[in-house]
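So you know, we letter chains A, B, ... as the sequences are listed, proteins then strands, and number each from 1.
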2 protein chains.
Amino acid sequence: MSNRSQSSERTRASAPAERATIGLVAKTAGVSRATVSRVMNGNPRVAPELAQRVRLAAEELGYAPSPVARSLALGRTGIIAMLVPDLGNPMFQGVLHGLTDAAAKENYRLLVADSNENLHEEPVLATEARRRCDGLVLCAPRMPDEQLLELTPQLEPFVLINRELPETSTPSLTIDFAAGIRDLVTHLLSLGHRRLAYLAGPDTSASNRARVRALHKAAQDTFELVEVACGATFADGHAVADQLTDLNVTAVVAYNDLVAFGTLSRLHELGINVPSQMSIVGFDDIPFVRYTTPPLTTASVPMDQLGPQAWQRLWALMNGEAPEKNVRVRPRLEVRGSTGPAPR
Amino acid sequence: MSNRSQSSERTRASAPAERATIGLVAKTAGVSRATVSRVMNGNPRVAPELAQRVRLAAEELGYAPSPVARSLALGRTGIIAMLVPDLGNPMFQGVLHGLTDAAAKENYRLLVADSNENLHEEPVLATEARRRCDGLVLCAPRMPDEQLLELTPQLEPFVLINRELPETSTPSLTIDFAAGIRDLVTHLLSLGHRRLAYLAGPDTSASNRARVRALHKAAQDTFELVEVACGATFADGHAVADQLTDLNVTAVVAYNDLVAFGTLSRLHELGINVPSQMSIVGFDDIPFVRYTTPPLTTASVPMDQLGPQAWQRLWALMNGEAPEKNVRVRPRLEVRGSTGPAPR
DNA sequence: TTGTATGCGTTATCAC
DNA sequence: GTGATAACGCATACAA
């Protein structure tokens, strides 16, 4: 092991930069390693004079405890990880910030991993990330229930966001997509729309399936529904818009705001006016859709709450407590300029 | 130490779930820990029969080597970290993806930390992240040169993106902001604009300072320049747009695309037509500004290259080699619909 | 080829 | 209060 002495003999411009260890500090300060450890951890019952000597030596040697060794000895890392399918989605960025801040208050740091919508990488990333830290937040994992269920023992403690896992005690934070969709549809129906297109998200997305279910349920006898394969990004929404003209629909329900925004842009390019010729609604209420032209009607998800709530539950789990299994937050209908009366 | 037996006696719904260690696997398979280690690491010179026994035991016990212990023993973690001031910026997301993929090819994983434009957190995050992994990529760090210089020994090996550090051998990848700004300004001048506003980014941003310098240099006798404090986000750009009307300018140079986009939106709300009444340019060419209305004229930064390039240099550093100090990529002027002839 | 012994850097137990 | 010393879980010279 430890061929670091070798590697430092290779061609390199910079200094060797061997890090000081607790042992070196101890020797330098003329105390035991135990004492150094105590001082570094702010243990009060060490003689002030010794403490000072230790601090001096540490400062001089540029010593800082190795987090890796510390983690091994402690059996905990002080880190939690969050796995998302797409960091480009502002929705997840909102969760990220909330989680970072909440965890920081308990002196925990957040590690972020992005599976980039890659289904195969997801379980690997999740498992690996989990083993390097003390807990996990899984945001909208794409893998199927069975796989997630199978991985559960290795991933615990973890919290789910945007998805539930039946038959387990895994806490989850979900959006009431059905309610959100109902509100959006009701709004569109009240405007006279009777034939809607749904721009579907990734078929690996559980929340997409939830939306589809809610739409079909609502459609019963009240309106026609056309489902169009799309995706989750701005580019996806932009690309799909051309198909819309042939569908004979007067309103579009997009998988999320990003898609809605993309579609909005393309429709504008095509000279199709929103909302007079076509209404469009999104989902999430990400920060800037209130500024699009026209501003986007959407189902507003209270993103700020997700991060802190996730932390609270994860923290409970890490302390051996059992938080409530599932909390479902209900989106609020945000009517803006992208919806209007059905044409004709 | 190790009071884990205590904690597992607390109130908890799930199973104890003590992880199997190499020792347990060894005992179960009836071999030494060394042999287990060899098998787990794919060492070929173990008797097939033994190897099989080990694999069986490992499988049965759900054993996987502890990354923490492994890191300690090996002196390396197989992880690199990337620190960004704002993950919401698509520019950094581009770097992130490129870096993730490039590092993955060498079996390295990427850890992301977001300082959220918090100047004080930045050095702490950087130092802490670095100590938990083998190398660092610092994206547009906001801390002053002196501080970065002071931290250098603790952060090495690391690579800078969007910023240089004089008097060191730290490799950096920078954008030729001056050239980009020159191209944009030349374009605007050719359209007859003679009085421009610059929407300034965070004053902690080195690249903002570079843009300002380039602008002032270009301004000499050729046009008037009004500098307006703004920021780096869509919301910042949106908020600042109201001031523009009183400035008597015909064109706006935004700190980046996000700001430009925000301004674009607000101008539209205000009924100010772009580009007939006001021209506007951004910087970066983030994915969707080609779809805004009108599409944004901008200086296109080859984002895809940044991640892989950063990895290549970091990899070299980690192997004791010394890559070239600084590589400056030149943005390409991308003329789209947001710029037009100066009014009157 | 396999096992033994030791080290990685830290914390914690237990004597002093 | 302080210092030996044994963990933590793994990898690797070295010996067998």
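Distances were taken from every side-chain heavy atom of A:Thr21 (C-beta onward) to each of C:dT10, C:dT11, D:dT2; the shortest belongs to C:dT10. If you check C:dT11, D:dG1, D:dC10 against the side chain of A:Leu74, the one that comes closest is C:dT11. Listed nucleotides C:dT10, C:dT2, D:dA11 differ in distance to B:Asn41; the shortest reach to its side chain belongs to D:dA11.
With hydrogens and angles ignored, a donor-acceptor pair under 3.5 angstrom links the side chain of B:Arg38 to the base of C:dG3.
Not one side-chain nitrogen or oxygen of A:Thr35 sits closer than 4.0 Å to the OP1 or OP2 atom of D:dT2. When the side-chain nitrogen and oxygen atoms of A:Ser66 are compared with OP1 and OP2 of C:dG9, none of them lie within a distance under 4.0 Å. At C:dT11, one or more side-chain N or O atoms of A:Arg70 fall inside 4.0 Å of OP1 or OP2 (strictly under the cut-off). The side chain of B:Ser37 contributes an N or O atom lying less than 4.0 Å from OP1 or OP2 of D:dA11.
Per the geometry, CZ belonging to A:Arg45 stands 13 Å off P belonging to C:dC14, to the nearest Å. With rounding to whole Å, B:Leu72 atom CG is found 17 Å from D:dA7 atom P.
Using a cut-off of 4.0 Å between Lys/Arg side-chain N and Asp/Glu carboxylate O, A:Asp86 and A:Arg142 are scored as not salt-bridged. Salt bridge A:Arg53/A:Glu49: present, at least one basic N to carboxylate O contact under 4.0 Å. For the pair B:Glu324 and B:Arg313, the salt-bridge criterion is met [side-chain N within less than 4.0 Å of a carboxylate O].
Side-chain contact annotation: A:Tyr108 with A:Arg76, donor-acceptor N/O pair under 3.5 Å present.
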